[in-house]
Amino acid sequence: MTGEPAEPARRRRRIGVLITVAVFAYALDLASKILVVAHLENHAPVQLIGDWLTLQESRNAGAAFSMGQALTVVFTVIAAIVIVVICRIAHKLYSVPWALALGLLLGGAFGNLTDRVLRSPGIFRGAVVDFISVKYYAVFNLADSAIVCGGVLVVVMSFLGTTPDGRRERDTRPEAAAPAGKA
């Protein structure tokens, strides 16, 4: 009977982790964009590591590498769908790594969605504020970084066979279940 309380504690839903990570990622992104607009807009780039890493305010109506500039509404809808899907998955979330990954994706999606909804030129057509510039690469923001890190975690956990409910997928093929030499 002493093992009963441990089981619910171990299998506790990780929605709190997801929400905490999402709020933290969103708050960092929002604060950074407020600072960038206040201090970098219409100013020369700030070099952090020579010309390899600079901070420069840039508006992006498209996706990564400024692709799809005319598809802002599509990217807005995609971000909204991602948010809805994560919220639907949350009810069966028991894995801390999945909670971290989905929290990063959720916070990043909310960060860029906020720009697309509230920034000019208008609702659902707003340009995202980007400001981290790496030489020979794209200009991006903290929401983009959260999305990429969350996506990498999802790929790694999927590759390892870990599911959002905390179980590990096992090979269920009949030949894998039977001991060698017995059929």
Side-chain angles (χ1 to χ4, degrees), residues 1-36 60 62-65 67-68 71-119 123-124 126-132 137-138 140-174 176-177:
M1 295 284 175
T2 60
E4 289 179 26
E7 183 62 24
R10 189 174 65 82
R11 292 284 300 163
R12 184 178 19 193
R13 285 193 180 134
R14 303 303 181 183
I15 296 171
V17 173
L18 181 144
I19 291 170
T20 301
V21 171
V23 167
F24 184 73
Y26 178 71
L28 274 178
D29 180 64
L30 186 61
S32 68
K33 289 174 180 175
I34 289 169
L35 289 171
V36 164
N60 180 4
F65 303 102
M67 294 186 300
L71 300 173
T72 306
V73 173
V74 173
F75 297 127
T76 303
V77 170
I78 290 171
I81 290 170
V82 166
I83 291 167
V84 169
V85 168
I86 291 171
C87 290
R88 293 206 48 160
I89 291 173
H91 79 280
K92 60 181 177 180
L93 186 61
Y94 290 95
S95 165
V96 171
W98 271 95
L100 291 170
L102 295 176
L104 288 169
L105 288 169
L106 187 61
F110 264 121
N112 284 340
L113 184 61
T114 298
D115 282 356
R116 298 210 185 272
V117 171
L118 300 178
R119 295 202 187 270
I123 295 178
F124 302 118
V128 172
V129 174
D130 288 334
F131 59 92
I132 303 167
Y137 194 65
F140 56 96
N141 57 46
L142 295 181
D144 298 334
S145 297
I147 291 167
V148 168
C149 291
V152 167
L153 279 171
V154 166
V155 169
V156 167
M157 289 180 297
S158 296
F159 180 74
L160 294 174
T162 304
T163 62
D165 67 1
R167 291 181 294 132
R168 294 188 61 98
E169 294 178 353
R170 291 180 171 48
D171 193 354
T172 57
R173 292 175 297 161

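From a predicted model like this one, the values you see are computed outputs, not experimental measurements. Because only heavy atoms are used, hydrogens play no part in the values below, and waters and symmetry mates are left out as well, while side chains stay in.
- Counting heavy atoms from C-beta on, the side chains of Trp98 and Arg14 never come closer than 4.5 Å.
- The two residues Ala109 and Val82 make their nearest non-hydrogen contact at CB-CG1, 4.3 Å.
- Residues Leu142 and Phe131 form a side-chain contact, since some pair of their non-hydrogen atoms from C-beta on lies under 4.5 Å apart.
- Scanning both residues, Ala143 and Asp29, for their nearest heavy atoms gives N-OD1, 3.0 Å.
- Annotation: the span from Cys87 atom SG to Leu102 atom CG amounts to 10.0 Å, rounded to 0.5 Å.
- Proximity of Arg168 to Leu160: side-chain heavy atoms (C-beta onward) are separated by under 4.5 Å at one or more points.
- Side-chain polar atoms of Asn141 and Asn112 form a donor-acceptor pair below 3.5 angstrom.
- Once rounded to the nearest 0.5 Å, the distance linking CD1 of Ile78 with CG of Leu113 reads 11.5 Å.
- Counting only heavy atoms from C-beta outward, the side chains of Thr162 and Val156 never approach each other to under 4.5 Å.
- The side chain to side chain donor-acceptor pair (under 3.5 Å) check on Thr76 picks up nothing, with sequence neighbours excluded.
- With rounding to the nearest 0.5 Å, the separation of CE in Met157 from CG in Leu100 is 8.0 Å.
- Using a 4.5 Å cut-off on side-chain heavy atoms (C-beta onward), Val128 and Arg119 make no contact.
- Of the inter-residue distances, the one linking Ile89 atom CD1 with Leu105 atom CG reads 9.5 Å to the nearest 0.5 angstrom.
- Across all their heavy atoms, Asp115 and Ala127 have their closest contact at CB-O, 4.0 Å.
- Among Val17, Ile15, Val21, the single residue meeting the side-chain contact (heavy atoms from CB on, under 4.5 Å) criterion with Ile19 is Ile15.
- Taking CZ of Phe24 as the start and CG of Leu104 as the end, the distance is 10.0 Å to the nearest 0.5 Å.
- Atom CD1 of Ile123 sits in a sparse spot, with 12 or fewer heavy atoms from other residues, nucleotides or ligands closer than 6.0 Å.
- Distance check: Thr163 OG1 to Leu93 CG gives 10.0 Å after rounding to the nearest 0.5 Å.
- Residues Tyr26 and Thr114 form a side-chain contact, since some pair of their non-hydrogen atoms from C-beta on lies under 4.5 Å apart.
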